[in-house]
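Single-structure report; data block below.
When reading the values below, keep in mind they use all heavy atoms of this one structure, side chains included, and skip hydrogens, waters and symmetry mates. Sequence positions, counted from 1, serve as the residue numbers for this chain.
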Amino acid sequence: MDFLTNGRDEALKKVLEGLSALIGSAETIQHEEDILHRYAGFMIHVRELIRKLQSQPATTNSVGLLLRMETEVNKAREVIDGYKSRNRLSRPFRYRSVVSKLNQSSKEIYAVLQLLPLTEINTALNIKEAADAIIHGIESIQLKLSTNTNAILSSFDQYVSENSGNQHQTSASLGFRVARPKGIASSSVCPLPFQIQVQEEGDRPHTDSYQQLPPSSFFLCPLTGEVLEDPVSVSCDHSFEKKAIEDYFHAGQNLCPLCSKELSSSGNLELTSNSTLRNSILEWKRREERTNAERNAKKKFIDTAAKITLDNMEDTNRAIGDLHDLMIEIPSCVSAATDSSCKLVPKLAELLMNDSSENTSTVLQCLLLIARFSDENKEKIGKRGVIKCLLKHSMTEPNAVAVLLELSRNKVVAGKIEGIPYSSHILISFLDKPSSPVAEMARKVLENLTIDIKSTVMMAKFGFFTPFLVQFNSQDISDEIRAYMAEELAQIQLSETYARNLENEQLIVHLTEMLSCHFPSGKMASLKCITQFIAFNELRTCFLKNECAVPALLCLVNSKTVEEELKQKALEILILLIRRLNPAILACSLSSPQMAYKT
């Protein structure tokens, strides 16, 4: 079985290499042979299907089938390479030979695809339907190449007739003799009831107005060349635009334009609606609409940004409003904000720093939307000068704090905000109104910054204890710094809200440990904090849950080396606990019989 798998994989490798070479050859042909580009597009789908076989068990006939495909793929590549080697003037008249040879290779690829175990591949799409669509597409390319040949020959005939019998001279100048395919009259463009116009170089669309072809060219009707609106399948399972195939049939044509099988033996054309294909096309159209809308929005974004200038504030204010609305409607257009040709961020920063715009709030909203789009945008906005302006405007514009919050989510920019000496003080000043949205945003900004001890203490005074608790409970700070923080905490007038924010076991642990530290100021700071805490039920309960807390106070009271002031403070705390609690409950908090006896 391993031998079979290895053989299959080796054949797969050769087929994929051949398909890649074929696709590369077809894609390098100049734009006037766009049909061959589309042929390459079909081969890309074939290649993807073949790749999926690698995950399937090898079968006894898969190696032989892949060798057949490799041979035909190489033949097709040789046909296209030979076509490319021709003089460009003579290429259009070589279509006949190209069509014939590609037709043979396509039929062989068709046969191999039908025999390969593609239906066993479990993918999001129905692979069999995809394979059938690719096969139909290959056949439609054959038809289009053939009809394009006819159109070119017809145009050449017209040119010859207009030049009064100079056919020999014209043909000779091209280096070959023009030969019309058998069965096609000189006045006939195509035996089917439609015509294909050959696109001239000057008619090609510019990049700005270019609309991408469907990802799969089998979205096009083989008869009209247009995207299918009402796709139906005939008896041989090929799909066409309903009206086009009906007109074709009623014009007396009873053979399928793609495979030449009989369309009807009864005289009535039986059609089946192809809802799967219709849904795929509708989804592609929706995707294309979104893509086009985003492309147009980006272009409009850049054009609007170009109108922002300090020389004309009326147009500038209008442009800022338009930009804001555009970013809200189509957020993806924000990607153009940092485009080198746009330079929107420097312009908005300049307006902000110069206080030039009457619509500062909208400028800030634009900066907020741009900052939210990516980390790269945050760093482009987060320059020191812009941050200073945001801090300045934060006193009157809530959106300035919102921008600072967004910028602070980037570590690099957060470091720059922190590096401005007065930034923490300004942000902390918003915390005196804890219920306001600005206070909440300022609190989150401060959480994103790495701030010093003094700023942490200042935030605690405004009721924002989270950074304080993190610093106080850290193992990295010294006993002296912890004593300083405890002293500052003791001076804060606690409310019920503040007390709830301080319900922290580690805080009680460290305060208890400070009762046995080696310097009196630390012990006194701890005692002051505990005195405040036991006035609140939840904090008092939290304190008593610590088995070491009451014994530590008793040790302090009974110590012969401790200053009387500290003993007195510890005794006051014990008395307060006895008054507020049942003595039995207090006794339960003692950790040893000796402590109970002393009490």
Give every residue pair that meets the ring pair (Phe, Tyr, Trp, His ring centres under 6.0 Å) criterion with at least one member in residues 398-438, sequence neighbours excluded.
none
What residue among I320, T316, V403 forms side chain to side chain contact (heavy atoms under 4.5 Å, CB included) with V363?
I320
Which heavy-atom pair separates L326 from A297 by the least distance, and what is that distance?
CD2-O, 3.5 Å
Polar side-chain atom of K298 near backbone of A336 as donor-acceptor pair, under 3.5 Å
no
Which atoms form the tightest heavy-atom contact between M441 and P398, and what is the distance?
CE-O, 3.7 Å
Side chain to side chain donor-acceptor pair (under 3.5 Å) pairs, two or more places apart, involving residues 561-572:
S559-T561
Closer than 3.5 angstrom, by distance alone: can the side chain of R47 be matched with the main-chain N or O of L16 as a donor-acceptor pair?
no
Could you tell me whether the side chain of R500 reaches within less than 4.5 Å of the side chain of E538, counting heavy atoms only?
no
To the nearest 0.5 Å, tell me how far L323 CG sits from T304 OG1.
5.5 Å
Close side-chain approach of F373 to M327, heavy-atom, < 4.5 Å
no
Could you please spell out the steps behind the side-chain contact (heavy atoms from CB on, under 4.5 Å) verdict for W284 and V227?
CA-CA 11 Å; W284 168 76; V227 176; 4.1 Å; yes
Side chain of S394, backbone of L391: donor and acceptor closer than 3.5 Å?
yes
In Å and rounded to the nearest 0.5 Å, what is the CG to CD1 distance from L228 to I281?
4.5 Å
Below 3.5 Å, can you tabulate the donor-acceptor pairs from side chains in residues 511-524 to any protein atom, sequence neighbours excluded?
| from | atom 1 | to | atom 2 | distance (Å) |
| --- | --- | --- | --- | --- |
| T512 | OG1 | I508 | O | 2.8 |
| S516 | OG | E513 | O | 3.0 |
| K523 | NZ | C517 | O | 3.4 |

Would you name the heavy atoms of R278 and S273 that are closest together and state the gap between them?
NH2-OG, 3.0 Å
Would R286 and E283 count as a salt bridge (Lys or Arg N to Asp or Glu O under 4.0 Å) if you check the C-alpha gap in whole Å, the side-chain angles of each, and the deciding distance to 0.1 Å?
CA-CA 5 Å; R286 285 191 288 267; E283 175 58 31; 3.2 Å; yes
Quiz: residues 409-417 side-chain donor-acceptor pairs under 3.5 angstrom, not counting sequence neighbours:
| from | atom 1 | to | atom 2 | distance (Å) |
| --- | --- | --- | --- | --- |
| R409 | NH1 | E406 | OE1 | 2.9 |
| N410 | OD1 | V412 | N | 2.9 |
| N410 | OD1 | V413 | N | 3.1 |
| N410 | ND2 | E379 | OE2 | 3.3 |
| K416 | NZ | G382 | O | 3.4 |

First locate atom CG of N296, then atom SG of C333, and finally report the distance between them rounded to the nearest 0.5 Å.
11.5 Å
Mark yes when over 12 heavy atoms from residues, nucleotides or ligands other than Q506 sit less than 6.0 Å from its CD; otherwise mark no.
yes
Report yes if some heavy atom in the side chain of V470 is under 4.5 Å from a heavy atom in the side chain of P467; otherwise report no.
no
Do you know the tightest heavy-atom contact between N448 and S408?
ND2-OG, 2.9 Å
For I492, does its backbone N or O pair with a side-chain atom of Q532 as donor and acceptor, under 3.5 Å?
yes
May I ask you to decide if M313's main-chain N or O and N317's side chain share a donor-acceptor pair within less than 3.5 Å?
yes
Which one of R290, R295, E288 satisfies the side-chain hydrogen bond (donor to acceptor under 3.5 Å, both in side chains) criterion with N292?
R295
Taking atom CG of L352 and atom CG of L364, what is their separation to the nearest 0.5 Å?
5.5 Å
One should read off an interatomic distance between N399 CG and T360 OG1, to the nearest 0.5 angstrom, of 10.5 Å
Salt-bridged, K444 to E447, with N to O below 4.0 Å?
no
Report yes if some heavy atom in the side chain of L527 is under 4.5 Å from a heavy atom in the side chain of L566; otherwise report no.
yes
Would you find a donor on one side and an acceptor on the other, under 3.5 Å apart, between the side chain of D315 and the backbone of K307?
no
Working to the nearest 0.5 Å, report the span between NZ of K347 and CD1 of I308.
6.0 Å
Below 4.5 Å, heavy atoms only, C-beta onward: do F472 and I481 meet side chain to side chain?
no
Tightest non-hydrogen contact, residues I330 and A293, listed as CD1-O, 3.9 Å
Taking the side chain as C-beta and beyond, is there a heavy-atom pair between S423 and I387 under 4.5 Å?
no
Is any side-chain heavy atom of L539 closer than 4.5 Å to a side-chain heavy atom of T541?
no
Taking side chain as C-beta onward, heavy atoms only, is L502 less than 4.5 Å from L469?
yes
Could you please spell out the steps behind the side-chain contact (heavy atoms from CB on, under 4.5 Å) verdict for Y484 and L489?
CA-CA 9 Å; Y484 160 76; L489 179 60; over 6 Å; no
Closer than 4.0 angstrom, basic N to acidic O: yes or no for K300 and D303?
no
side-chain hydrogen bond (donor to acceptor under 3.5 Å, both in side chains) partners of K528, counting only residues at least two apart:
E487
Can the positive tip of R540 be found less than 6.0 Å from the middle of the six-membered ring of F533, inside 45° of the ring normal?
no
Using modelled atom types only, decide if a donor and an acceptor are shared between the side chain of T309 and the backbone of N312 within a distance under 3.5 Å.
no
The criterion is salt bridge (Lys or Arg N to Asp or Glu O under 4.0 Å); which residues satisfy it with E229, sequence neighbours excluded?
K285
Passes side-chain contact (heavy atoms from CB on, under 4.5 Å), F468 versus M459? Steps please.
CA-CA 8 Å; F468 182 93; M459 283 188 278; over 6 Å; no
Under the side-chain contact (heavy atoms from CB on, under 4.5 Å) criterion, do L310 and L351 qualify, and how do the steps go?
CA-CA 8 Å; L310 294 176; L351 290 172; 3.5 Å; yes
For Y498 versus Q493, what's the shortest heavy-atom pair and its separation?
CD2-O, 3.8 Å
